[in-house]
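Written below as structure tokens is the structure these notes are about.
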Amino acid sequence: MGPKRENNRNWNRKYQGRRFHQRFPSEASQSSTESNIMDRTSSASSSQASAVPELPGFYYDPEKNRYFRMLPGHNNCNPLTREGIQQKEMECKRLQLLEEEKNRKQKFVRPGLNPAVLLRKRQLGLVPFTTYCRRIHEMKVSCMQRKVVNINSPEREGGRVRRFEFIMADSASERIFAVNDGEYGFCKYGLLNLNGLWKEAPTVERQDHTYISHQKVIAACWASVTGPDSHILVCLLEAEETKGCLSLIPACIFRNLDDSEDDCSAILYKVKISDVWSCAWCSNPQMESSYSAGLKRQIWLINVIPDIRSTFITNSDVLAQQFATKTLLLYNGLRSGEVFSLDFRVPTTCPASFRKATSFTQNSAITSLRLLQDENYLMVSDMSGQIKLWDVRMQKSVKHYKGHNNSYAILPLHVKEDEGLLMAVGQDCYTRIWDLEDTRLLRTIPSPHPAAKDSIPSVVFSPYLGIKGHKVPGLLMAVNRDMYLYSYNSSNL
């Protein structure tokens, strides 16, 4: 009987202790039980959300907890379509990011980045000068503030405002070549002088010309024919009644309408050609006054002065091109995803049997090529949203910049190697800025206008925007009919 009573007493003590802990739990056990409850509820809610079946032709709204019928995007009877739902979600995200941009002060992506500590390390010699400059640009880019730019032009005074197609700055970042859409499918060109960006209310002055084209501008680049950036090489897409062409337009024809100088439009150089997709001007003195054109399954190399043309046959359309400045190489990006270089030091006897100096491929059609100062490295972007840095000697990608959005558009890359920055505008109308060295995404700038296929912003970045003596560092953005300046703000550092 003795051992049995002892067992009963032990059982009563354990039972009473268990009841006591259930009525008066400790902080640790209480927090653990609360976390378990939260995990169970979250898992239950997630399982409930995942348990909702997807019905073809219907959309499930979690807020209203019901299904709604969806119709194709071309149906105007029911406004609820998949495209409309995606556009609504993107618009909500854009407005949220714009609200965050208004209150943006010190928001650095890199952990531990402090201006005072960085300056002290530089004074002590612990940070190299190049790294110090790049970190300063990184901090200033993270704190850029948006300002509206006033555009002085006769069209705006008359109320005829045209939508920007794209903008392109010259090598000194003092002028911008702007392409605007016109009435009845026309395109109008003009130059924007950045002599008023330094003012409290940034202002640019537009210089127009009566040159209006029926065709859409597919690509353009600055050309140094009679001087630095003296001409603009423009690729015009083929229209229904007119063939495509390459136009070498002198920059001197763009001026104010009341200017009394002589018109120099007689220097205009035009080559009619079908299916032109890209162009590039050669800055190498060994091939002076030469440029290339990327066409449908062929490449043209044209010398302007003696008017000599060479043709090279490819297996796909050439969508992007860039010349090397130290060697006689031309890099080409094809619609098939291939990137290869032509070496003009090697003579060719047949247009279809030329030798490729280098060749590698990406997953989709190539949209932009940018050589770094060390021309052994080439930045490549394609229509799958991939941006990669390639070592052309090893024919191997060494860096991958994630976050870019593109599936159909030919969108340019902007590489600023001295500042250590890479910029690109995505198909979703977001401007993204990466660190060139460690591929870190530094900032995502939403568009001031709702996202649309015809409202993709066009940007220009430079630490020296404007005329001499009044340089303004920052990002210039043209979207729809407006222009914005994202300038450095030193007060936030």
Side-chain angles (χ1 to χ4, degrees), residues 166 168 215-223 232-239 243-248 270-284 287 290-304 308-325 327-346 348 350-371 375 378-384 386-388 390 392 395 406-413 424:
F166 71 90
M168 179 183 61
Q215 298 109 307
K216 178 180 176 61
V217 178
I218 193 69
C221 65
W222 287 89
I232 302 119
L233 182 62
V234 180
C235 296
L236 300 176
L237 198 61
E238 185 175 3
K243 293 184 66 176
C245 68
L246 284 165
S247 296
L248 196 60
K270 181 181 291 188
V271 178
K272 291 186 178 181
I273 192 171
S274 299
D275 299 325
V276 58
W277 289 104
S278 60
C279 62
W281 183 262
C282 183
S283 301
N284 196 313
M287 295 179 61
S290 298
Y291 68 91
S292 66
L295 313 176
K296 183 178 181 180
R297 297 188 176 183
Q298 58 180 329
I299 300 170
W300 276 18
L301 179 65
I302 303 175
N303 195 302
V304 178
I308 300 176
R309 306 180 188 178
S310 303
T311 305
F312 303 90
I313 306 300
T314 62
N315 57 4
S316 183
D317 301 341
V318 184
L319 302 183
Q321 291 181 309
Q322 186 176 13
F323 277 98
T325 57
T327 57
L328 297 179
L329 292 176
L330 171 62
Y331 290 90
N332 305 272
L334 306 185
R335 189 184 296 274
S336 62
E338 181 185 6
V339 178
F340 71 91
S341 60
L342 284 173
D343 193 345
F344 296 109
R345 297 169 295 185
V346 180
T348 57
C350 179
S353 62
F354 62 89
R355 182 180 178 182
K356 299 177 182 179
T358 57
S359 178
F360 53 87
T361 59
Q362 288 201 177
N363 296 335
S364 185
I366 306 300
T367 59
S368 183
L369 301 174
R370 288 294 179 269
L371 275 171
E375 295 185 350
L378 179 68
M379 193 74 70
V380 183
S381 66
D382 59 21
M383 288 190 184
S384 66
Q386 289 188 346
I387 301 178
K388 292 183 178 181
W390 288 81
V392 296
Q395 300 182 16
N406 189 19
S407 61
Y408 63 85
I410 300 179
L411 301 174
L413 292 175

Flag, side chain of [X] to backbone of [Y], donor-acceptor distance under 3.5 Å:
X      : Y      : value
Thr367 : Met383 : no
Ser341 : Thr358 : yes
Arg370 : Leu413 : yes
Gln321 : Gly333 : no
Asp382 : Val380 : no

Can you check whether [X] reaches [Y] side chain to side chain, under 4.5 Å on heavy atoms?
X      : Y      : answer
Arg297 : Asp275 : no
Asn332 : Leu342 : yes
Thr325 : Asn284 : no
Leu236 : Val276 : no
Leu378 : Leu369 : yes
Ser290 : Ile302 : no
Trp300 : Ile273 : yes
Tyr331 : Val392 : yes

Apply side-chain contact (heavy atoms from CB on, under 4.5 Å) to the pair Phe344 and Leu329, showing each step before the final yes or no.
CA-CA 6 Å; Phe344 296 109; Leu329 292 176; over 6 Å; no
In Å and rounded to the nearest 0.5 Å, what is the [atom1] to [atom2] distance from [X] to [Y]?
X      : Y      : atom1 : atom2 : answer
Phe340 : Thr361 : CZ    : OG1   : 13.0 Å
Gln322 : Leu330 : CD    : CG    : 9.5 Å
Gln362 : Ser381 : CD    : OG    : 8.0 Å
Leu319 : Trp277 : CG    : CH2   : 7.0 Å
Asn406 : Leu411 : CG    : CG    : 4.5 Å

What are the two closest heavy atoms between [X] and [Y], and how far apart are they?
X      : Y      : result
Leu371 : Ala324 : CD1-CA, 3.7 Å
Gly337 : Ile366 : O-CD1, 3.7 Å
Trp281 : Cys221 : N-SG, 3.8 Å
Lys272 : Cys245 : CA-CB, 3.9 Å
Phe323 : Ala280 : CE1-O, 3.5 Å

Distance only, no hydrogens: is a donor on one side chain within 3.5 Å (strictly under) of an acceptor on the other, for Thr314 and Gln298?
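Gln298 and Thr314 do not have a side-chain donor-acceptor pair below 3.5 Å.
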May I ask you to check whether Ser384 and Asn363 show a side-chain donor-acceptor distance below 3.5 Å?
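There is no such pair between these side chains.
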I would like to know whether Leu233 and Ser247 meet side-chain contact (heavy atoms from CB on, under 4.5 Å); could you show each step before the answer?
CA-CA 6 Å; Leu233 182 62; Ser247 296; over 6 Å; no
Are Asn315 and Leu334 close enough, and set up right, to give a side-chain contact (heavy atoms from CB on, under 4.5 Å), and what steps lead you there?
CA-CA 9 Å; Asn315 57 4; Leu334 306 185; 3.5 Å; yes
Salt bridge (charged side-chain N to carboxylate O under 4.0 Å, His left out) contacts in which one or both residues fall within residues 333-344, not counting sequence neighbours:
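Sorted pair list: Asp317-Arg335, Glu338-Lys356, Asp343-Arg345.
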From CA spacing to verdict: side-chain contact (heavy atoms from CB on, under 4.5 Å), Ile299, Thr311
CA-CA 6 Å; Ile299 300 170; Thr311 305; over 6 Å; no
For Trp390, all residues meeting ring pair (Phe, Tyr, Trp, His ring centres under 6.0 Å), sequence neighbours excluded:
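Here the qualifying residues are Phe360.
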